Engineer: 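Right, I'll just put the structure down here and ask away after.
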Protein chains: 2
Amino acid sequence: MDKILEQWGAARPGLDVSAMGVVGRVSRASRLLERGVKAHFEEHGLEAWEFDVLATLLRADRTLCMSDLAGAAMVSSGALTNRIDRLVAKGLVTRATSEDNRRLVLVTLTAEGRRLAGDLLDGHVANEERLLSGLTPAERAELAALLRKLLCSLGDTDL
Amino acid sequence: MDKILEQWGAARPGLDVSAMGVVGRVSRASRLLERGVKAHFEEHGLEAWEFDVLATLLRADRTLCMSDLAGAAMVSSGALTNRIDRLVAKGLVTRATSEDNRRLVLVTLTAEGRRLAGDLLDGHVANEERLLSGLTPAERAELAALLRKLLCSLGDTDL
DNA sequence: CTCAAACACTTCAATTCTGAAAGATGCGAT
DNA sequence: ATCGCATCTTTCAGAATTGAAGTGTTTGAG
């Protein structure tokens with residue numbers, strides 16, 4: 001991003017590049033971190049989104065409906081139907097219509113799904129720490145705090 | 001992300017969630033910012049990636065080859081071939097084989113492509129500033145500096 | 001009570017991306 | 001000079017996503 005901002009400075013003197021510097025860096029950092037996460041799961045024969053769904057259910061510690069999971073993963077409802085189809089086929093989660101509200105489809109971890117997610121959790125956290133190893137713990141905390149404020153102002157809500 | 005980290009704290013006491021807090025927030029911020037950028041361009045009848053390619057050429061102020069553009073956009077070479085196909089069809093860029101190295105395909109802005117990118121640039125920057133309006137200028141600078149360091153440690157290189 | 005509107009999910013067509021294979025070109029060691 | 005390997009682009013098949021349409025369910029205003 002440094003070269004990019006330099007180029008704008010030369011090509012469009014006077015253009016305020018501070019916002020572009022932030023948005024562009026968030027975007028690039030996200031893609032690079034995502035690649036690092038994906039590479040780690042591929043080593044274990046799992047897709048990153050598979051772990052994502054399992055981990056969401058594991059930490060919620062209860063069944064969740066399709067909408068909850070779609071919101072947590074920030075994908076469309078159609079995409080989530082597809083993902084759950086495959087996790088059910090793999091025996092990692094179960095689908096069941098809610099008794100209370102028959103519109104809801106409740107997704108629950110199977111014993112194997114719970115075990116798998118639990119087994120991979122520590123390795124995943126270690127991998128994320130490796131990806132962030134260029135920052136000191138204090139810098140990570142500062143970064144998290146700034147992003148937290150940004151997310152809040154963007155109206156982010158999870159589960 | 002706050003609820004998510006809370007949930008991990010409850011479901012897995014002792015798990016170090018600091019890395020997850022950073023990686024997760026970068027990812028969510030990126031998706032939300034991307035949506036905001038995309039929404040702005042859709043109002044002007046343009047895809048975000050179209051502006052992205054045009055802006056890359058505009059700021060470089062010279063022709064670029066396919067690899068350069070693919071790297072800048074962080075997409076595969078196949079995806080870029082498809083994108084340039086459509087920009088050529090729209091008359092916004094031209095394709096030409098390099099004289100110096102006949103493996104290279106040089107992409108150049110047409111007059112219309114240059115005009116379009118220039119016209120949309122200020123509005124785009126204003127939109128990004130709006131998306132970041134929850135942070136003070138000092139906070140944006142701090143955020144940019146931390147992300148810059150992170151990108152550096154992740155081996156990011158642009159153009 | 002009834003019916004329209006809101007809601008949750010699935011299905012489907014269209015779009016887009018990735019990764020691999022293939023074709024063309026350039027480069028360097030021998 | 002030449003051969004082998006690397007580089008650059010395109011093509012293509014497979015995978016995944018989005019957004020809209022369709023189905024079934026609930027809610028609440030009248």
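Remember, it's a predicted structure, so these values are computed and weren't measured experimentally. Here is how names work: the chains are called A, B, and so on, in the same order as the sequence lines, proteins then strands, and each is numbered from 1.
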Engineer: Could you tell me how far apart Arg35(A) (CZ) and dT18(C) (P) are, to the nearest whole angstrom?
Structural biologist: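 The distance from CZ of Arg35(A) to P of dT18(C) comes to 8 Å, rounded to the nearest Å.
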Engineer: Where do Gly21(B) and Leu5(B) come nearest, in terms of heavy atoms and distance?
Structural biologist: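 What the structure gives for the nearest pair is CA-CD1, 3.8 Å.
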Engineer: Using whole Å, report how far CG of Leu104(A) lies from C1' of dT10(C).
Structural biologist: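 Value for this atom pair: 14 Å.
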Engineer: Considering only residues two or more places apart or on different chains, which pairs with a residue in residues 96-108 of chain B satisfy salt bridge (Lys or Arg N to Asp or Glu O under 4.0 Å)?
Structural biologist: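 Counting only pairs at least two positions apart or across chains, no salt bridge (Lys or Arg N to Asp or Glu O under 4.0 Å) contact touches residues 96-108 of chain B.
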Engineer: How many whole angstroms separate atom CG of Asp85(A) from atom C1' of dT17(D)?
Structural biologist: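 Atom-to-atom, Asp85(A) to dT17(D), this comes out as 14 Å.
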Engineer: Once salt bridge (Lys or Arg N to Asp or Glu O under 4.0 Å) is applied, what residue pairs with a partner in residues 109-126 of chain B remain, sequence neighbours excluded?
Structural biologist: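 For residues 109-126 of chain B, and leaving out neighbouring residues, the salt bridge (Lys or Arg N to Asp or Glu O under 4.0 Å) pairs sorted by first residue read Arg115(B)-Asp119(B).
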Engineer: According to side chain to side chain contact (heavy atoms under 4.5 Å, CB included), who are the partners of Ala73(B), at least two apart in sequence or on a separate chain?
Structural biologist: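 For Ala73(B) the side chain to side chain contact (heavy atoms under 4.5 Å, CB included) partners, ignoring immediate neighbours, are Asp52(B), Val75(B), Arg83(B).
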Engineer: Between dC8(D) atom P and Ile84(B) atom CD1, what is the distance in whole Å?
Structural biologist: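 After rounding, the gap between these two atoms is 16 Å.
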Engineer: Tell me the closest heavy-atom pair linking Val22(B) and Leu147(A), and the distance in Å.
Structural biologist: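 Here Val22(B) and Leu147(A) meet closest at O-CD1, 4.3 Å.
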Engineer: Who are the salt bridge (charged side-chain N to carboxylate O under 4.0 Å, His left out) partners of Arg148(B), not counting sequence neighbours?
Structural biologist: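 Expected list: Asp2(A).
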Engineer: In terms of side-chain heavy atoms of Met66(A), which of dT9(D), dT10(C), dA8(C) is nearest?
Structural biologist: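 Comparing dT9(D), dT10(C), dA8(C) against the side chain of Met66(A), the answer is dT10(C).
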Engineer: Generate the contact string for nucleotides 12-17 of chain C. Rules: B means base contact, S means sugar-phosphate contact only, - means no protein heavy atom under 4.0 Å.
Structural biologist: ----SS
Engineer: Provide, to the nearest angstrom, the distance between the CG atom belonging to Leu64(A) and the P atom belonging to dA8(C).
Structural biologist: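 It works out to 14 Å between those atoms.
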Engineer: Would you mind reading off the distance between Glu34(A) atom CD and dT17(D) atom C1', rounded to a whole angstrom?
Structural biologist: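 Those two atoms, CD and C1', are 13 Å apart.
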Engineer: Please list, pair by pair, any protein nitrogen or oxygen found under 3.5 Å from a nitrogen or oxygen in nucleotides 24-29 of chain D.
Structural biologist:
| unit_1 | atom_1 | unit_2 | atom_2 | d |
| --- | --- | --- | --- | --- |
| dT26(D) | OP1 | Arg102(A) | N | 2.9 |

Engineer: Got a sec, which residues hit side chain to side chain contact (heavy atoms under 4.5 Å, CB included) with Asp85(A), two or more places apart in sequence or on another chain?
Structural biologist: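 Counting only residues at least two positions away or on another chain, Asp85(A) forms a side chain to side chain contact (heavy atoms under 4.5 Å, CB included) with Thr81(A), Arg95(A).
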Engineer: Mind checking salt bridge (charged side-chain N to carboxylate O under 4.0 Å, His left out) for Glu50(B) and listing every partner two or more places apart, or none if nothing turns up?
Structural biologist: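 Only Lys90(B) meet the salt bridge (charged side-chain N to carboxylate O under 4.0 Å, His left out) criterion with Glu50(B).
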Engineer: For the pair made of CG in Asp68(A) and C1' in dC9(C), what is the distance, rounded to whole Å?
Structural biologist: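 The distance from CG of Asp68(A) to C1' of dC9(C) comes to 13 Å, rounded to the nearest Å.
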Engineer: Taking side chain to side chain contact (heavy atoms under 4.5 Å, CB included) as the test, write out the residues that go with Thr63(A), two or more places apart.
Structural biologist: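 So Thr63(A) forms a side chain to side chain contact (heavy atoms under 4.5 Å, CB included) with Leu106(A), Thr108(A).
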